[in-house]
Structures are given as structure tokens and as C-alpha cells.
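Everything below concerns the one structure shown next.
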Amino acid sequence: MKGVSNGADAWDRLHQGTDREGLDSPARFVLTKKPVVLQVRTPVRPTPAAARGAVGVAGPGMPPAQSRGGVASVRTRTMMRPYARTGGRTKPDYELALEALVSTTDRGRVPQAVTGVQHRRICGLCVEPRSIAEIAAYLDLPLNVVKVLVSDLDNAGLVLIHQSGLCFGDRSSREFMDRVLQGLRRL
Amino acid sequence: MGFGEFDSDANTSAATGPTQSAKIVVAGGFGVGKTTLVGAVSEIDPLTTEAVMTEASVSVDDTTATPNKTTTTVAMDFGRLTLGDDLVLYVFGTPGQHRFWFMWDDLAVGAIGAVVLVDTRRLADAFPSIDFFENRKLPYIVAINCFDRLLHHQIEDVRQALTISESVPIIACDARERESAKQVLITVVEHAINRDRELQPG
């Protein structure tokens, strides 16, 4: 019988859990690449006098101005997670360089052809060719989100992607570097 | 558009403008002037995700040698230079702190070369960047940022202290000045071309 009780103890111990459970929980780690600094917009708070006036108009039975001010300061900003825009996908279908240029095609310029707010913003932005990094900066989206969105648009034929594909020891790459050098000297 | 027939071809193609792009990486320790150098050469205001350094990061980031620095690059910043009708060069500054190492791969892939910006008061800060580019076999040069326009150490002394080979160019620069920053970029591309010739003569 001793053996049995030992076994029960071991079973209990196994199911006690550890002290580290809270520490190791994935929720503790930030999984987005870009550290997001949220700018909290300070709400337009009615001045006490104006608020009191409003209360007066609404009726004498209304709660005092202070509590109404409290309601106004509640943040109304949407806090949509970045990868919700990509349907949860975190990787594009193929690798896109930070400096790869994206330009909107004629099809991409037809407003009805482009669905989705972010897709439309990218098509609008890339009427002039812009790099992946620029799109991310202008639209304030994480780089990987932009890569996924751009690869979607490319698959739909709404944008063109120009990748440089620099490769050392390659003749065309050397000509390319020469052109960069000449361009820099001309500046 | 009077010449409809001739223009039709241009109309079906995508937007006119640059179709080729290159990239140069600017690396170096915290507060060495990467953002300044990018800003000095860029034709647009550098696109950056800068946030004011908080008290929390003051304890994380070493600010003893740069007490006046109040902001730090938390993601990365970059500038743009149009080098011709169809060619654009992007200059990327690496994130200053090592907690952002994961972004370096994205930065190094496809780059022509890199600049390791050095402050001679804190030479050791350059080692992680130099190690990274050596490992990646990415051509790099060392640029000594002369704060106060004074070169505090001889260039060869710096080479010895950093234990880098003779083939790596070391130059002095002033990251605030456009001409000087431009010369840094020219040196990077020249070095990359030379390295390329050594690898594949002819």
C-alpha cells in the first residue's frame, strides 16, 4: 500500500504546476516586430463653464459636470492588432527586400478594383514608385504587414514589384554598382 | 496625348519613375551619429520611428558619454537619394540598441555595403557591427565621426584598436555635413566594387 500512496503523491506533485507558470506565459512576450508607441490623443474636454452650460440646457436633473468630463476622456481610438489586417498571416508568399520598389499598375488605379482600406492606401501611395520601407513608414504599419499586403496586391496584378537582386561577382551587379557610384559622384 | 498610338504602350505600363533601387547600411554604436549621417545625405526628411528616450531606457542605454542625447532610434530610420531617372539609393540606419538585432538581417540582405560609424571615445561600441558584417561577408568601411571637427586618434591607431584588416578603408568624416556624408557613401560603393573585382577578376 505504501507504493500506492507514493504514486498518488507523485501524481499530485505532477499536477501542482510550477511557480513559473505565470512567468512563462506567452502573453508576457510582445510578438510584434515594431515597437508601437501609441500617441494617446488628448480628448477635447469641455471647460467646466461650458459643461455646466450644456447641463443647464439639457435639464437640471443631469449629473454634475465632472462626471460628464470623465466620460469624454474615454479613448475612442480603435486598437486593431496589426496582423488582423493581413488575416493573421505574418509572412509574404516570397521574400521582399526593404528597398524593393512598388508601383501601382493601371488596374491598381481603378478605385473599384482595389478592396480593403490598407490595400487602397498602398495603391494610392505607390502611384509614384516607393520602397517597402517607405510604405511602412508612411502608413505607420509594421514592415512584415506591408510585405504581406504588397504581395497580395502583386498577386492580384494591382502593383508591380521591382526587386534589385544584387549579387556579388555578377556582371550586371557590377554594372549596377558602377551606376550607383556615378550617380553619387554627380550629386 | 495627341499621339494615341504611340502613347498606348506607355499607358499600359506601370507608373513612370525609378524602377531600380540600391541600399547602403549605416551601423555603429548608440549615439554615434547614424541618424545624423542619414539626415545629412537624404533628399527627404529621414523617415524614422523615433521616440523620446524614456527614463526606463536611460537605465538600459549607456548615455554616460553622450549626456545631451535625448532621443534614440527605436526602430530604424532611412533616407532616400535619387541617383537618376530610374535609380534610387536608400540609406538605412541600424537600430541603435542590441535588442533590435533581429532587424539586421533584413537590412543586410541585398545591401551594396555598410558603414560602421565610430566614435573614438567609445571604440568598443563598434565591435558588434564589425563582427556582424564580417560574418555576413558584406563589404564595409569604418568612418570615424569627428565630433568637434577633431580627429582625436590617428587612423592607423584606430585600425589597430579595432583589429581590422588593411583592406578595410577607414576615413574620417563629419556626419553633419552633406559633402562629408556623401564621401562616406562613395567610399562604401568604391570598396564594394573593389571587393567584387577581387572575388571575380575580369
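Each chain gets a letter, A, B and so on, in the order its sequence line appears, and its residues count up from 1. As the structure is a computational prediction, the values presented were derived from the model and not from experiment.
At a 4.5 Å heavy-atom cutoff, A:Q182 makes no contact with chain B through either its backbone or its side chain. At a 4.5 Å heavy-atom cutoff, the contact between B:E190 and chain A is made by backbone and side-chain atoms alike. Using a 4.5 Å cut-off between heavy atoms, B:I186 contacts chain A through both its backbone and its side chain.
With rounding to the nearest 0.5 angstrom, the CG atom of A:L181 is 11.0 Å from the CG atom of B:L89. Expressed to the nearest 0.5 Å, how far CG of B:L83 lies from CZ of A:R185 amounts to 12.5 Å.
Taking every heavy atom of both residues into account, B:F92 and A:E99 meet most closely at CE1-CB, 4.5 Å. Taking each heavy atom of A:F176 and B:S21 in turn, the nearest pair found is CZ-O, 3.5 Å. Nearest heavy-atom pair across A:R179 and B:Q20 is NH1-OE1, 2.6 Å. Across all non-hydrogen atoms, the minimal contact from B:L47 to A:E134 is CD1-CG, 3.7 Å.
Between B:R178 and A:L187 there is a side-chain heavy-atom pair separated by less than 4.5 Å. Annotation: side chain of A:L98 is not in contact with side chain of B:V109 (no heavy-atom distance under 4.5 Å). At a threshold of 4.5 Å between non-hydrogen side-chain atoms, the residues A:I132 and B:Y90 do not count as touching. With contacts defined as side-chain heavy-atom distances shorter than 4.5 Å, the pair A:K147/B:D106 qualifies. Counting heavy atoms from C-beta outward, A:V180 and B:L185 have side chains that stay 4.5 Å or more apart. For the pair A:L101 and B:P18, the minimum side-chain heavy-atom distance is below 4.5 Å.
Within a 6.0 Å sphere centred on CD of B:E156, heavy atoms belonging to other residues, nucleotides or ligands number more than 12.
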